[in-house]
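Contents: one structure, followed by commentary.
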There are 2 protein chains.
Amino acid sequence: MAPTIKDIAKLANVSHTTVSRALNNSPLIKEVTRKKIAEIAAQVGYVPNYNAKSLVMQRSYTIGLFFTSIANGTTSGFFSDTIRGVNSVIDVEYNLFIRGIDDYTEYSSIHRKRFDGIILMSQSEADNKFIYHVVQQGIPIVVLNRQIDDRSIINIISNDREGAYNAGKHLIEAGHQDIAIIEGVEGFKSTQERRDGFIKALIDHNIPVRNDYMRSGNYDMQSGYEAMGKLLDLEKPPTAVFCSNDDMAIGAMKSVFERGLQVPNDVSIVGFDDSGFSLFANPSLTTVKRPIEKISEQGARRLLSLIKEPIENDVLISIDTEFIARESVRKLSK
Amino acid sequence: MAPTIKDIAKLANVSHTTVSRALNNSPLIKEVTRKKIAEIAAQVGYVPNYNAKSLVMQRSYTIGLFFTSIANGTTSGFFSDTIRGVNSVIDVEYNLFIRGIDDYTEYSSIHRKRFDGIILMSQSEADNKFIYHVVQQGIPIVVLNRQIDDRSIINIISNDREGAYNAGKHLIEAGHQDIAIIEGVEGFKSTQERRDGFIKALIDHNIPVRNDYMRSGNYDMQSGYEAMGKLLDLEKPPTAVFCSNDDMAIGAMKSVFERGLQVPNDVSIVGFDDSGFSLFANPSLTTVKRPIEKISEQGARRLLSLIKEPIENDVLISIDTEFIARESVRKLSK
DNA sequence: TAAGGATATCATAACGATTACCTAGTCACC
DNA sequence: GGTGACTAGGTAATCGTTATGATATCCTTA
């Protein structure tokens with residue numbers, strides 16, 4: 001069986017209390033005995049039993065990383081970038097627990113004893129119920145990706161509205177007037193932010209907002225494909241389309257090509273996210289880069305320090321997006 | 001504070017032992033008391049403390065999902081499909097712990113007390129050291145994606161060799177003679193399997209294997225792009241290229257387009273994986289579908305039953321790949 | 001009716017750590 | 001040389017469960 005502190009105590013001829021203290025670098029222990037104990041521990045390959053530790057310390061050594069949903073509306077790139085970001089910060093002494101909120105019908109298993117802290121990559125306002133529960137349980141939480149009103153919660157977001165605004169502006173400045181938007185999952189905050197930014201760009205440049213140029217999608221390629229199909233069926237199809245994420249943009253392109261049309265010659269397309277393949281699409285996709293991995297890293301870091309010392313200091317960090325011009329937009333020479 | 005079985009015991013006027021038994025549906029408890037206790041538990045919102053439970057049960061309620069690496073050579077789609085697959089099987093009472101093997105310099109923190117079982121999505125032979133450690137610790141393990149020799153370990157793989165063979169065969173039957181391959185990360189078993197299958201197809205059809213038609217890559221788009229560049233620089237470029245995964249195929253296409261050439265008119269391309277965007281690429285990518293999500297689901301299910309009753313019954317499950325013909329291959333009429 | 005056997009429950013000891021509180025030794029100082 | 005302070009370490013309680021061996025009650029049955 002795996003050695004415990006008692007085994008070490010016997011070998012070192014001290015009490016297990018001393019061993020515990022020595023291993024935790026308590027000042028109550030003489031340097032020489034501390035060293036001896038550390039040596040023995042290493043020799044027998046001692047590893048602390050985290051369950052016992054957790055039980056008495058009332059800590060779990062577990063960080064929960066939650067998504068609104070793992071199965072729906074979460075693209076692979078988004079998902080894995082998030083995990084990569086968090087993973088790179090959290091060290092191996094922590095368990096990283098990953099789940100979708102929609103895996104739960106009720107939240108009773110989410111409580112303080114089980115999670116030292118929670119990172120929520122939030123996409124929907126429906127998550128508020130979850131957030132409320134977590135806060136009520138007194139679990140430190142950091143909410144990423146979606147702005148929430150409660151200013152006592154650490155909140156890290158990307159400035160999607162501005163990003164979408166820039167995308168719209170870019171199209172307008174390229175001479176486009178008939179610009180459509182393909183939107184994301186209904187109910188997702190990001191969907192709304194991007195729509196708002198886009199529309200503001202239109203309004204600021206005195207371009208009428210046409211209802212039939214606003215198409216709903218759900219962030220996956222197929223939905224982009226279908227939405228673009230409908231746009232192209234219009235009597236007067238748009239000359240440019242802003243897609244609320246890259247996946248839908250890829251789907252939209254597909255639809256354009258299938259009708260024998262060209263991107264950007266016949267239709268210009270802008271995406272959002274700068275996911276891995278946007279550079280390698282043909283033509284490469286003009287898009288808005290959203291720093292998911294950065295946001296996740298930041299979030300994890302903040303959470304860790306929040307766990308260490310629970311100071312509430314009203315944090316809302318907004319990380320700017322970056323417009324990336326590539327080949328999918330045509331400049332209209334009017 | 002959260003209620004414990006002792007609190008419930010007081011309320012129910014029984015000993016905490018009885019409560020524990022009642023909650024675990026022990027036959028030693030009368031139905032009527034069991035019901036009463038269950039009611040009270042529900043009323044006070046009792047949730048078991050898993051740390052205490054784990055401590056005495058010597059179980060962790062944690063499943064480890066390990067990758068060869070999370071940062072390198074693991075594409076987003078692969079990564080997230082795996083997690084999705086596992087996630088859909090493992091229920092919420094378990095913790096799902098996700099890490100890359102290369103996050104560890106030594107494995108002492110990986111032991112029985114911490115993991116009830118481990119799922120390894122293995123890509124490299126270098127993982128054997130890890131597997132050995134896990135086995136030695138007596139932790140139930142299921143290895144996915146890469147065949148291992150030790151037949152006492154449950155092993156679920158996709159038949160990559162055959163898949164690659166079919167890809168090669170398809171190209172040959174379409175009339176191609178000058179066929180190149182862009183390979184995956186060196187040292188990954190999948191790289192080798194796909195190469196072997198591909199080469200076998202060539203040999204079986206009496207097509208000479210040319211050294212300069214074998215290019216190394218590392219499974220990412222950029223490497224596919226670069227490798228294709230080199231192929232096109234050859235005096236006699238290939239008319240078809242088999243890319244060891246879809247990401248590289250996308251990169252390769254990009255390279256073709258940049259030179260003003262067309263896929264499939266000038267160069268035919270086949271990928272591997274059937275990742276999300278292969279259908280939406282332009283042209284859509286002919287590829288070999290590898291059922292990652294199925295493999296992961298299967299793996300998780302097997303692990304769960306292995307944990308329940310540790311019977312070693314020599315399991316090697318090979319899930320077939322599926323060839324998917326789309327638009328990126330041209331039929332040569334010779 | 002007393003012994004024997006179920007049946008239902010209880011008291012207590014684990015599990016492996018941390019920690020509040022105590023104790024033995026040493027030294028300094030009056 | 002006795003008192004107090006300090007040092008280094010030990011004793012025992014504790015965290016919330018489950019497991020083990022009593023124990024009390026009731027029902028059979030000879």
Side-chain angles (χ1 to χ4, degrees), chain A residues 1-38 40-41 44-62 93 95 108-109 111-116 137-138, chain B residues 1-38 40-41 44-62 93 95 108-109 111-116:
Chain A
M1 267 290 79
T4 71
I5 50 170
K6 286 185 185 168
D7 299 324
I8 297 177
K10 253 181 222 143
L11 290 173
N13 257 318
V14 295
S15 76
H16 72 277
T17 305
T18 303
V19 175
S20 172
R21 288 197 175 119
L23 261 25
N24 288 301
N25 294 317
S26 155
L28 289 179
I29 304 297
K30 251 201 300 196
E31 183 57 22
V32 46
T33 47
R34 204 191 60 68
K35 267 217 169 116
K36 187 177 69 178
I37 290 173
I40 296 179
V44 300
Y46 169 77
V47 279
N49 181 320
Y50 275 86
N51 289 316
K53 205 166 174 159
S54 296
L55 183 56
V56 62
M57 306 278 284
Q58 311 268 35
R59 292 190 42 194
S60 63
Y61 298 93
T62 297
E93 93 163 334
N95 287 331
S108 69
S109 69
H111 52 267
R112 196 139 185 212
K113 299 269 176 61
R114 191 137 176 229
F115 295 102
D116 283 357
Q137 293 285 318
Chain B
M1 269 290 79
T4 71
I5 50 171
K6 287 187 184 168
D7 299 326
I8 297 177
K10 252 180 222 143
L11 291 172
N13 257 319
V14 295
S15 77
H16 72 276
T17 306
T18 303
V19 175
S20 172
R21 291 209 171 105
L23 261 25
N24 288 301
N25 293 316
S26 155
L28 290 179
I29 303 297
K30 246 201 307 198
E31 184 56 22
V32 46
T33 48
R34 204 191 60 68
K35 267 218 169 115
K36 187 178 70 177
I37 289 173
I40 297 179
V44 299
Y46 169 77
V47 278
N49 181 321
Y50 276 85
N51 289 316
K53 205 166 175 159
S54 297
L55 182 57
V56 62
M57 307 277 284
Q58 311 270 34
R59 292 191 43 194
S60 62
Y61 296 93
T62 297
E93 93 164 334
N95 287 333
S108 70
S109 68
H111 52 268
R112 197 142 184 207
K113 299 267 178 62
R114 189 134 177 231
F115 295 101
D116 283 358

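Residue numbering restarts at 1 for every chain, and letters A, B, ... go by the order of the sequence lines.
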>> Rounded to whole Å, please give me the gap between CD1 in A:Ile37 and C1' in D:dA8.
In response: 11 Å
>> Among residues at least two apart in sequence or on other chains, which ones pass side chain to side chain donor-acceptor pair (under 3.5 Å) with A:Ser26?
In response: none
>> Does A:Lys6 reach a base, just sugar-phosphate, or nothing at all? Heavy atoms under 4.0 Å.
In response: nothing
> Contact class for A:Thr33 (heavy atom, under 4.0 Å): base, sugar-phosphate, or nothing?
Replying inline: sugar-phosphate
> Which salt bridge (Lys or Arg N to Asp or Glu O under 4.0 Å) pairs, counting each pair once, include a residue from residues 12-33 of chain B, with sequence neighbours left out?
Replying inline: B:Glu31-B:Arg34
> Between C:dT19 atom C1' and A:Leu23 atom CG, what is the distance in whole Å?
Replying inline: 15 Å
> Rounding to a whole Å, what distance do you find between B:Lys30:NZ and D:dT25:C1'?
Replying inline: 10 Å
> Going by heavy atoms in the side chains, are B:Leu23 and B:Ile5 under 4.5 Å from each other?
Replying inline: yes
> Under the side chain to side chain donor-acceptor pair (under 3.5 Å) test, which residues partner B:Thr18, sequence neighbours left out?
Replying inline: B:Ser15
>> Using whole Å, what does the distance between atom P of nucleotide C:dG16 and atom CZ of A:Arg59 come to?
In response: 21 Å
> Just how far, in rounded Å, is P of C:dC15 from CG of B:Asn49?
Replying inline: 18 Å
> With B:Lys6, which residues qualify under side-chain contact (heavy atoms from CB on, under 4.5 Å), at least two apart?
Replying inline: B:Thr4, B:His16
> Between D:dC15 atom C1' and A:Tyr61 atom OH, what is the distance in whole Å?
Replying inline: 13 Å
>> For A:Asn95, give me all partners under side-chain contact (heavy atoms from CB on, under 4.5 Å), at least two apart in sequence or on another chain.
In response: A:Thr62, B:Phe97, B:Arg114
> Roughly how many Å is it from CG in B:Asn13 to C1' in C:dT9, rounded to a whole number?
Replying inline: 13 Å
> When you check every protein heavy atom under 4.0 Å of nucleotides 18-24 of chain D, what one-letter string (B, S, -) results, 5' to 3'?
Replying inline: BBBB---
>> Let me test you: for the helix from C:dT1-D:dA30 to C:dC30-D:dG1, what is the angle between the axes at its two ends (five pairs each), rounded to 10 degrees?
In response: 70°
> B:Ser15 side chain N/O closer than 4.0 Å to the phosphate oxygens (OP1, OP2) of C:dC10?
Replying inline: yes
> Touch check for B:Val47, heavy atoms < 4.0 angstrom, all strands: base, sugar-phosphate only, or nothing?
Replying inline: sugar-phosphate
> So do B:Tyr46 and B:Ile40 actually touch side chain to side chain, heavy atoms under 4.5 Å?
Replying inline: no
>> The criterion is side chain to side chain donor-acceptor pair (under 3.5 Å); which residues satisfy it with A:Ser60, sequence neighbours excluded?
In response: A:Asp116
>> How many whole angstroms separate atom CZ of B:Arg34 from atom P of C:dT9?
In response: 12 Å
> With A:Tyr50, which residues qualify under ring-ring contact (aromatic ring centres under 6.0 Å, His included), at least two apart?
Replying inline: A:Tyr61
